Visitor: 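Here it is, the structure, as structure tokens.
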Amino acid sequence: MDFPILVSLFCVCFIYILLLTFQRLHLSPISHIPGPKLAAATFWYEFYYDIILGGKYIWKIKALHEQYGPIIRINPYELHVIDPDFWDIMYTASTNSNRRDKWSWQTKGIGIPASLIGTVEHALHRVRRGALNPFFSMQNVRKLLPVVEERVEALIHRLKAASEGKEIVKMEYAFSAYTNDVVMQYCFGRSEHHIEAPGFDPLFHVTSFNAAKSISLLRNMNWILDIMLALPESVAMKMGAEVSSSIVLKRERINQIEEIRCEGSVKLESQSYKTIFHTLLQSDLPAREKETDRLAEEAVLIVGAGTHTTSWILTVITFNLLSNPALLRRLKDELKSVQSGSENKPSLIDLERLPFLTGVLKEGIRLGYGTTARSARIAPDITLQCNDWTIPAGTPVSMTIPLTHHNESIFPNSDAFEPDRWLREDAKRLDKYLVSFSKGSRACAGLNLAWAELYLCIAGVFSHFGSKDVKDTKDIGVLELFGTDESDVKMVRDMFFPIPKDGSKGVRVKALVN
Ligand code: HEM
């Protein structure tokens, strides 16, 4: 290329960058919102903390709020709010006149744009969510309880076998096996019985965690996803574990949806519940909504969301009970109050009435967070007010679950696992700040199932197992923390899910006979 052409090109680029920077800093509809100039002008701030330092932007955002106030600009387009009362204003929208869209730049990174979580537009989201909601109603979750109870039994048997073999169990794998078996059964009518597999077969767990780790990279460098999708699958598979993991997950789900399609209208009437994907395929959803590719993305979401969030929360609860004998003692005593005979299993309704167990679960949900990533909402039609600041219609605004759960004015001593905070007289007011399931029209679809899984699993495991210091004669085994401390459950990085310190080997227990 000629030298003068190169110089001209350079000048054009330079002027473009200058104009763009000027527009972002001074002419943008959100230029009045405080925040660092570099964050307002470029994506480099976010890129540096999330990609170069690996999932650390969340901590920088916290520090920026301390410096600039409750609402800040964190990149050229997005605002972040830390005021906990803003969740209801920003996230809650149930009618078309009060729409909430998602932000395509952010959802694209998740890599499943045709799934509920990736759907940008409010109206399309309503159609997709409407088709899925019935499966997760309280009434239908109750129909699924025999499956959940059977898997809890299987987990207890498996931990008993582990105690006879003095096995060291990585609890995240054990709980992931449990939640994955349940959600697979609900989605496809068959599970892979991870609980019974050697080492709880963590392949799915590892693969989908790898995929989650790529989310902020793909968000910041959207073009990688475009290249990946344009390449033949065999080539894309060679682009590193994170990228190939997303392809493996989607491929598996495509095969499963195709299998169901080939089976035709299989009769699953012997079951107490209707399987999600058999039913969706036979539903009167528009044909394009039932295409294999789209349903496969929905399946990637439901299986992934249904596995990791709940299993991590179970892991956090287990660590805190095993490291705090007084809490475990109180829990085991309370559980005894709903067990009469040796074979008498308390029902979910009995368990839901137990205040201390409920406090333990809420504290696990608070410190397990669910997801840690920002998930912005856009109010396309209305301006919103946050304290003295006006947010123009169409602005992506996000809030972050861990930053609300560590708000010391709501949850004092917020790092501590204190079930009692949920039992105090004024505890009801705390419920609205427990935001692990998010809020509003895009909140977690599987919340009722998640609660049922948590109640039945924690009650089942800890009415059969004690710890080094807390044992009952009828316990079938003891779970002792092994090479594990608080740093194995304390979040250090936000990689869509909470990630503890580098080199953590996870929450491990030595299972022993009583
Ligand atoms: C304690 C466990 C769980 C937590 C903390 C949790 C948390 C969340 C959160 C925060 C979101 C919203 C993400 C966003 O704003 O973009 C979400 C969405 C979702 N979750 Fe959960 N989840 C849990 C369990 C489950 C389970 C068991 C299932 C299903 C089997 C499930 C299915 C979904 C689905 C389908 C969505 C997408 C909803 C939508 O975009 O309309 N989740 N979850």
Side-chain angles (χ1 to χ4, degrees), residues 87 90-94 100-103 106-107 109-110 112-122 124-133 135-137 140-141 144 147-148 175-176 178-188 191 212 215 219 273 276-277 280 297-317 361-378 396-402 404-405 434-458 496-498:
W87 279 95
M90 187 64 229
Y91 283 68
T92 305
S94 49
R100 289 295 182 274
D101 292 339
K102 280 202 174 175
W103 184 24
Q106 211 165 55
T107 54
I110 306 175
I112 39 175
S115 72
L116 266 184
I117 208 167
T119 305
V120 170
E121 206 228 324
H122 178 88
L124 180 56
H125 178 265
R126 293 285 80 198
V127 173
R128 290 176 172 168
R129 179 82 183 227
L132 214 56
N133 270 343
F135 295 100
F136 295 107
S137 68
N140 280 332
V141 165
L144 188 71
V147 171
V148 184
F175 289 134
S176 230
Y178 157 65
T179 50
N180 187 261
D181 281 356
V182 170
V183 74
M184 288 289 284
Q185 189 69 35
Y186 201 15
C187 283
F188 302 110
S191 90
I215 290 175
R219 187 172 60 214
Y273 59 93
I276 297 177
F277 285 94
L280 284 183
E297 291 194 10
E298 204 72 287
V300 170
L301 166 67
I302 298 173
V303 177
T307 301
H308 293 304
T309 44
T310 321
S311 64
W312 177 246
I313 285 165
L314 287 166
T315 306
V316 170
I317 293 172
L361 300 189
K362 285 186 176 172
E363 218 31 10
I365 291 171
R366 185 178 70 83
L367 289 175
Y369 314 120
T371 59
T372 49
R374 305 187 321 268
S375 178
R377 305 291 189 267
I378 296 175
V397 185
S398 57
M399 298 187 71
T400 306
I401 294 164
T404 300
H405 288 179
L434 188 66
V435 290
S436 284
F437 296 106
S438 190
K439 294 228 169 183
S441 56
R442 307 280 188 132
C444 178
L447 165 158
N448 292 324
L449 176 57
W451 272 105
E453 288 180 320
L454 292 170
Y455 270 110
L456 291 168
C457 184
I458 292 298
F496 196 82
F497 298 120

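It should be emphasised that the depicted structure is a prediction, and the values quoted were computed from it without experimental measurement. For the single chain, residues carry numbers from 1 onward in sequence order. Whatever order the structure lists them in is the order used to number ligands and atoms, beginning at 1.
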Visitor: Please identify each residue that fulfils side chain to side chain donor-acceptor pair (under 3.5 Å) with E363, with sequence neighbours left out.
Guide: R366, R421, W422
Visitor: Compare all side-chain heavy atoms of L116 with those of H125 and state whether any distance is below 4.5 angstrom.
Guide: yes
Visitor: Starting from the N and O atoms of ligand 1, find every protein N or O within less than 3.5 Å and list the pair with its distance.
Guide:
residue	atom	partner	partner atom	Å
ligand 1	15 (O)	S375	OG	3.1
ligand 1	15 (O)	R377	NH1	3.4
ligand 1	15 (O)	R377	NH2	2.9
ligand 1	16 (O)	K102	NZ	2.6
ligand 1	16 (O)	S375	OG	2.8
ligand 1	41 (O)	H125	NE2	2.7
ligand 1	41 (O)	R129	NH1	2.7

Visitor: Between atom NZ of K439 and atom CG of L434, what is the distance when rounded to the nearest 0.5 Å?
Guide: 9.0 Å
Visitor: Give the minimum heavy-atom separation between R100 and R442, together with the two atoms involved.
Guide: O-NH2, 3.4 Å
Visitor: Taking salt bridge (Lys or Arg N to Asp or Glu O under 4.0 Å) as the definition, give me every residue that meets it alongside D101, ordered by chain and number, with sequence neighbours left out.
Guide: none
Visitor: Please list, chain by chain and in numerical order, all residues satisfying side chain to side chain donor-acceptor pair (under 3.5 Å) with Y369, sequence neighbours excluded.
Guide: H406
